[in-house]
Protein chains: 2
Amino acid sequence: MESLTIGKIARRAEVGIETIRFYQREGLIDEPPRRESGYRQYPEETVSRLLFIKRAKEIGFTLREIKELLELQIASPSTSTCDEVRKLAEEKIADIRSKTEMLRRMEAALVELVDSCRGRVVANSCPILDVLQEEKPDGAKEIESNPSDK
Amino acid sequence: MESLTIGKIARRAEVGIETIRFYQREGLIDEPPRRESGYRQYPEETVSRLLFIKRAKEIGFTLREIKELLELQIASPSTSTCDEVRKLAEEKIADIRSKTEMLRRMEAALVELVDSCRGRVVANSCPILDVLQEEKPDGAKEIESNPSDK
DNA sequence: CTTGACTCCGTAGTTAGGTACGGCCCTTAA
DNA sequence: TTAAGGGCCGTACCTAACTACGGAGTCAAG
């Protein structure tokens, strides 16, 4: 009763039908049950999955990474993978924090830019690139002792 | 004196030489001055630019978008563009906030996952996809009155 | 019971973003 | 002064992630 054709989930998730077939081949979407005719029958849930993929792509995850993220939930098969799951999840959290930090800096730089524009003062050198100035708050790391970089 | 060859900035920014030439062609890096021999001479600043591009790519910006971001600083030519600059900057801020929000949700979901793993309770259905459940805190928008989506 | 929209599949083509090649010239340290 | 290691250029190639095609079977509204 609550099953959808590929065309319907495509419209709901705002992706192409071919894209869904592609994700299927790549293992991001499970192979759904079929009618006798061969038509795919998707559960509602698949729409969420597609939306998740879309959003995750927007924040720079590759399909490979997104697949890993999605698999983090289905780690039920063997309980021994719990540590692995935790490890991978922690890696992803680190990725996410790094991305968030960059976004925070970029937002600050852009807000500053907008403010200076509002104040009728067009900053001659807007601070987008300053995003990186702060990259190493202390100069402890990267002493650049590499002699090949003459 | 403070000029670098393409190989040196490539090593400093940890990108390939060919990539730099490619960015040059695409207009993300200005054409630098040359020696009589034709060798490119880059200022230190170019390294920051390359690092910025790298980081911006990691958070899902395309090269086209990154170019726009970089151009937001050099809006000095005509003061009349101030409004345009502000408009574009505000759009980018909105993009950034949307990305940040998705990252915040994903991080929360993963932290929850790690916590439940730690507690020796492997959640049977980990909450990665719940990221989307909250997508519309109120159900006001998207009434889905489209009759073609039968 | 037909007709127009939908779906099937395999395969080929496309775009973004690099990456490699190769023949030749330049630089620099021994 | 020479040889190893850059660097120059144009062009060709590559991977990821789609996107399109086409011929044949299916569904459902009228």
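Numbers restart at 1 for each chain; the letters A, B, ... are given by sequence-line order, proteins then strands.
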- Message: Is A:Arg35 close enough to D:dC27 that one of its side-chain N or O atoms is under 4.0 Å from OP1 or OP2 there?
- Response: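 Looking at the OP1 and OP2 atoms of D:dC27, one of them is under 4.0 Å from a side-chain N or O of A:Arg35.
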- Item | Phosphate contact (C:dC6 OP1 or OP2) by A:Thr5 side-chain N/O below 4.0 Å |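 So the side chain of A:Thr5 is outside the cut-off, no N or O lying under 4.0 Å from OP1 or OP2 of C:dC6.
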- Does NZ or CZ of B:Lys99 lie under 6.0 Å from the centre of the six-membered ring of B:Phe61, at an angle within 45° of the ring axis?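 That pair qualifies as a cation-pi contact.
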Tell me which nucleotide among [options] gets nearest to the side chain of [X].
{"X": "A:Thr62", "options": "D:dA17, C:dT7, C:dT27", "result": "D:dA17"}
{"X": "A:Ile6", "options": "C:dC8, C:dC25, C:dG17", "result": "C:dC8"}
{"X": "B:Ser37", "options": "C:dC26, D:dC8, C:dC9", "result": "C:dC26"}
{"X": "B:Arg40", "options": "D:dC8, C:dC9, C:dT7", "result": "D:dC8"}

- Heavy-atom check, side chain of B:Ser98 versus side chain of A:Arg55, under 4.5 Å: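 When only atoms from C-beta onward are counted, A:Arg55 and B:Ser98 do touch, with a gap below 4.5 Å.
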- Query: Is there side-chain contact between B:Arg21 and B:Ile6, with heavy atoms separated by less than 4.5 Å?
  - Reply: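 In contact.
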- Would you give the length of the straight line joining atom OG1 of A:Thr19 to atom CD of A:Gln24, rounded to the nearest 0.5 angstrom?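 Spacing of OG1 (A:Thr19) from CD (A:Gln24) equals 12.0 Å.
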- Message: Using 0.5 Å steps for rounding, measure from the CZ atom of B:Phe52 to the CG atom of B:Leu28.
- Response: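 If we round to the nearest 0.5 Å, B:Phe52:CZ and B:Leu28:CG are 10.0 Å apart.
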- Message: I'd like to know if A:Lys67 pairs up with A:Glu26 as an ion pair, taking the criterion as any Lys NZ or Arg NE/NH1/NH2 lying under 4.0 Å from an Asp or Glu carboxylate oxygen.
- Response: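 Judged by the 4.0 Å cut-off on N to carboxylate O distance, A:Lys67 and A:Glu26 do not form a salt bridge.
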- Item | Heavy-atom protein contacts under 4.0 Å, nucleotides 18-23 of chain D, coded B base, S sugar-phosphate only, - none | BBBB--
Separation of atom [atom1] in [X] from atom [atom2] in [N], rounded to whole Å:
{"X": "B:Gln24", "N": "C:dG18", "atom1": "CD", "atom2": "P", "answer": "14 Å"}
{"X": "A:Phe61", "N": "D:dA16", "atom1": "CZ", "atom2": "P", "answer": "18 Å"}
{"X": "B:Ile29", "N": "C:dG18", "atom1": "CD1", "atom2": "C1'", "answer": "15 Å"}
{"X": "B:Arg34", "N": "C:dT27", "atom1": "CZ", "atom2": "C1'", "answer": "17 Å"}
{"X": "B:Leu50", "N": "C:dG17", "atom1": "CG", "atom2": "P", "answer": "16 Å"}
{"X": "B:Glu26", "N": "C:dG18", "atom1": "CD", "atom2": "P", "answer": "9 Å"}
{"X": "B:Ile17", "N": "C:dC26", "atom1": "CD1", "atom2": "C1'", "answer": "14 Å"}
{"X": "B:Arg11", "N": "D:dG5", "atom1": "CZ", "atom2": "C1'", "answer": "11 Å"}

- Query: What about A:Tyr39, does its side chain sit under 3.5 Å from the base of C:dC6 through a donor-acceptor pair?
  - Reply: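 Answer yes: a donor N or O sits under 3.5 Å from an acceptor.
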- Message: Can you pull out every salt bridge (Lys or Arg N to Asp or Glu O under 4.0 Å) where at least one residue sits in residues 32-43 of chain A? Sequence neighbours excluded, please.
- Response: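 Every salt bridge (Lys or Arg N to Asp or Glu O under 4.0 Å) pair that includes a residue of residues 32-43 of chain A, provided the two are not neighbours, is A:Glu31-A:Arg34.
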